[in-house]
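In each ligand, atom 1 is the first atom listed, and ligand 1 is the first ligand listed.
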Amino acid sequence: MERDNIETENIDPEFVDALVEAGADRIRTCIQCGTCSSVCPSGRRTAFRTRELMRKAVLGLKDEVLSSSDLWLCATCLTCLERCPRQIRTTDAIIIMRNMAVEEGYMLPPHRKTAKKLLQTGHAVPLDDANQEMRKELEMDEVPPTVHSHPDALDEVKRIMEKTGFKKLIEEEVEG
Ligand code: SF4
Ligand code: SF4
């Protein structure tokens, strides 16, 4: 981690308080031992480093953490959470940060696309000719008993997404 390059104006001291309040209650006790990074299956194949993420979070580098696509490389396998000598709920902390990222308007384009499909069709993966054909081969009903066969229910799905604020989240995008 490039600790010499941290600009103080990039530090939000309330970020770690918000993480603690949301459930990452022991995150401040991180000793930077690196156990989480060493056991992380995602880190073996990508540049994602759990230890670095925890450090940046504790330092209050909110924008850097929330805007980073690395935040989405965690597979939520829980291995780091089981191994952390400080019993920090690392995976929960990552999920909390992801929720915050989406609330701030940061969402990966494929996630936004999938969420929009859900809003438009009631399915993240809507029925198409290929999977309809496959259902037929498997001797299943060609159209599943979902909004595809109950189109009226789609209005209800849309209402739920509107009332819960999900629609607003997926429509709001940060610039740049
Ligand atoms: S394993 Fe726990 S204490 Fe060690 S670096 Fe990761 S979060 Fe910090
Ligand atoms: S929960 Fe995420 S960060 Fe932790 S070991 Fe698994 S993939 Fe890595």
Can you name the nearest heavy-atom pair linking L169 to M107, along with the distance?
-> O-CE, 4.2 Å

Atoms of ligand 1 close to P85 [distance to a heavy atom under 4.0 angstrom, numbered from 1] | 1 (S)

Taking all non-hydrogen atoms of both residues into account, name the closest pair between P85 and T35 and its distance.
-> CD-OG1, 4.2 Å

Can you measure from CD1 (I96) to CD (E21) and round to the nearest 0.5 angstrom?
-> 10.5 Å

Under 4.0 Å from a heavy atom of G34: give me the atoms of ligand 1 that qualify, with their elements.
-> 4 (Fe), 5 (S)

Go through ligand 1 atom by atom and flag the ones less than 4.0 Å from a non-hydrogen atom of Q32.
-> 5 (S), 8 (Fe)

SB check D70 R49 (cutoff 4.0 Å) = no

the protein heavy atom lying closest to atom 3 (S) of ligand 1 turns out to be I31 N, 3.5 Å

Close-contact set for ligand 2 against F48 heavy atoms, below 4.0 Å = 3 (S)

Residue, atom and distance of the protein heavy atom nearest atom 8 (Fe) of ligand 1 read C30 SG, 2.4 Å

Contact flag C84/atom 8 (Fe) of ligand 1, N/O/S atoms, threshold under 2.8 Å = no

Under 2.8 Å from atom 6 (Fe) of ligand 2, which protein N/O/S atoms are there?
-> C77 SG

Salt bridge or not for E156 and R159, using N-O below 4.0 Å?
-> no

Around atom 1 (S) of ligand 1, find the nearest protein heavy atom and jot down its residue, atom name and distance.
-> C36 N, 3.4 Å

Closest approach of any protein heavy atom to atom 4 (Fe) of ligand 1, naming residue and atom = C33 SG, 2.3 Å

Paired with Q32, the side chain to side chain donor-acceptor pair (under 3.5 Å) test is passed by just one of R51, R55, E52, namely R51

Count the heavy atoms of every other residue, nucleotide or ligand shown that sit under 6.0 Å from CG of D128, and state whether that count exceeds 12.
-> yes

For R98, look at atom CZ and say whether over 12 heavy atoms of other residues, nucleotides or ligands are found less than 6.0 Å away.
-> yes

Have a look at L81 and tell me which of T50, T76, D92, V39 forms a side-chain contact (heavy atoms from CB on, under 4.5 Å) with it.
-> D92

Atoms of ligand 2 under 4.0 Å from any heavy atom of I94, numbered from 1 in the order shown, are 3 (S)

Does any non-hydrogen side-chain atom of H123 lie less than 4.5 Å from one of V125?
-> no

Quick one: do K116 and E171 make a salt bridge, cutoff under 4.0 Å?
-> no

Atom 7 (S) of ligand 1 [closest protein heavy-atom partner, distance rounded to 0.1 Å] = T90 CG2, 3.6 Å

